[in-house]
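Below is one structure; the comments refer to it alone.
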There are 2 protein chains.
Amino acid sequence: MFSKACEYGIRASTYIALKSLEGTRVSLKEIAEKIDSPVAFTAKVLQQLSKNHIVDSVKGASGGFQITKANINQIKLAQIVFAIDGNNVYEGCGLGLKKCNANEPCPVHDKFVQIRSDLKNMLENTSLYDMTIGLEEGLTSLRR
Amino acid sequence: MFSKACEYGIRASTYIALKSLEGTRVSLKEIAEKIDSPVAFTAKVLQQLSKNHIVDSVKGASGGFQITKANINQIKLAQIVFAIDGNNVYEGCGLGLKKCNANEPCPVHDKFVQIRSDLKNMLENTSLYDMTIGLEEGLTSLRR
DNA sequence: TATAAATAGGACAATTTTATCCTATTTAAT
DNA sequence: ATTAAATAGGATAAAATTGTCCTATTTATA
Ligand code: FES
Ligand code: FES
């Protein structure tokens, strides 16, 4: 469904959001531990998210990653997925035709656009804040 | 969503089904042309589908690929996807956790299983025959 | 029986994705 | 000022996926 980079990106952003709500900035090392991801690879993903203004990075000692409260509420999963995997999830043909096109549809087009659209809606309606709900209480998990 | 191999597999099977309904067996070369896929790579995919008894292959001159009428009606997309991409589509966690598990769910679990299940249902309810409807009349397409 | 057409399959190559390593830069704190 | 902790980013490596090439085998037909 999503690339590894994207999966790490969502999990990392969610963890950063959780800690930002508690008022603390988190280091790459801590993030990678908490989401069980390869450190250096996660760094690349976070660079990309930082360039896309999804997370804020602070360099130097006591630096780290954080997300403003406004952004925790406003940023949706759809933006993270788009920043990392591009728009293929939203616009690609289920059978890999070069363009998904209702005028010359592949045999699964009608059924596929329905599912793709449900996925899109889900991603567009799930904020980082939504993602953090239940994490603190251990009702949901970002690793294992 | 699906691997290239899987996309080619679905398109190839659909084309074979179409021609089998017309009573003719088709060669690898023709298949690759009609679904716009790399010939040798498609051969590998078809080998796999043949081993999984999704398509029948006939060696030798005037050989080729075909699917019995019974199978055209009975084989569902779900079986093709499973034969090539395995069960990750059906059971994998949307955020890449090692196991999707309702007891220790990731933050998108509830929403994701719904979409995954819709996709699964769609694949389980779409037969190769369904895929061929509209192809002959050009209402649907397997290439471009 | 010889030939040609077709799939099977092994070996390899190219590309993309995933992952690691090292150095540069920034910044707080000593 | 120095040091230590942190991100940025370039270079590289490893692994997985995608794609190609060549030979073996099978089989209909001339
Ligand atoms: S053309 Fe294939 S999903 Fe739209
Ligand atoms: S645990 Fe992530 S989708 Fe089920």
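Protein chains get the first letters and strands the later ones, always in sequence-line order, with residue 1 at the start of each.
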(Q) Tell me whether the side-chain N/O atoms of A:K51 come closer than 4.0 Å to OP1 or OP2 in D:dG9. (A) yes
Q | Phosphate OP1/OP2 of D:dG19 contacted by B:Y8 side-chain N/O (<4.0 Å) | A | yes
Could you tell me whether the side chain of [Y] reaches within less than 4.5 Å of the side chain of [X], counting heavy atoms only?
X	Y	answer
A:N125	A:K76	no
A:L46	A:S57	no
A:H109	B:T140	no
A:L95	B:M131	yes
B:S117	B:V113	no
B:L128	B:T14	yes

Q: Kindly state which residues belonging to residues 54-61 of chain B come within less than 4.0 angstrom of DNA chain D, counting heavy atoms of the residue only, listed by number.
A: B:K59, B:G60, B:A61
(Q) Does anything in residues 30-43 of chain B come within less than 4.0 Å of DNA chain D? Heavy atoms only, and list the residues if so. (A) B:P38, B:A40, B:F41
Separation of [X] atom [atom1] from [N] atom [atom2], in whole Å?
X	N	atom1	atom2	value
A:K44	D:dT12	NZ	P	13 Å
B:F2	D:dT17	CZ	P	16 Å
B:F65	D:dT27	CZ	C1'	15 Å
B:L46	D:dG19	CG	P	14 Å

Q) OH of A:Y129: more than 12 outside heavy atoms within 6.0 angstrom? A) no
Q: Mark yes when over 12 heavy atoms from residues, nucleotides or ligands other than B:K120 sit less than 6.0 Å from its NZ; otherwise mark no.
A: no
Q) Is it true that A:V39 and A:I10 fall in one hydrophobic cluster, defined by side-chain heavy atoms closer than 4.5 Å? A) yes
Q. First contact, last contact: which nucleotides of DNA chain C are these for chain B, 5' to 3', heavy-atom distance under 4.0 Å?
A. C:dA5 to C:dA11
Q: Give a yes-or-no answer on whether the side chains of B:Q114 and B:D118 include a donor-acceptor pair shorter than 3.5 Å.
A: yes
Q: Looking at every strand, decide which applies to B:K29 at a 4.0 Å heavy-atom threshold: base, sugar-phosphate, or nothing.
A: nothing
Q: Identify which nucleotide among D:dG9, D:dA28, D:dT18 has an atom closest to any side-chain atom of B:A5, counting heavy atoms from C-beta outward.
A: D:dT18
Q: Before giving the answer on side-chain contact (heavy atoms from CB on, under 4.5 Å), spell out for A:Y90 and A:V81 the whole-Å C-alpha distance, their side-chain angles and the decisive distance to 0.1 Å.
A: CA-CA 10 Å; A:Y90 307 126; A:V81 172; 3.5 Å; yes
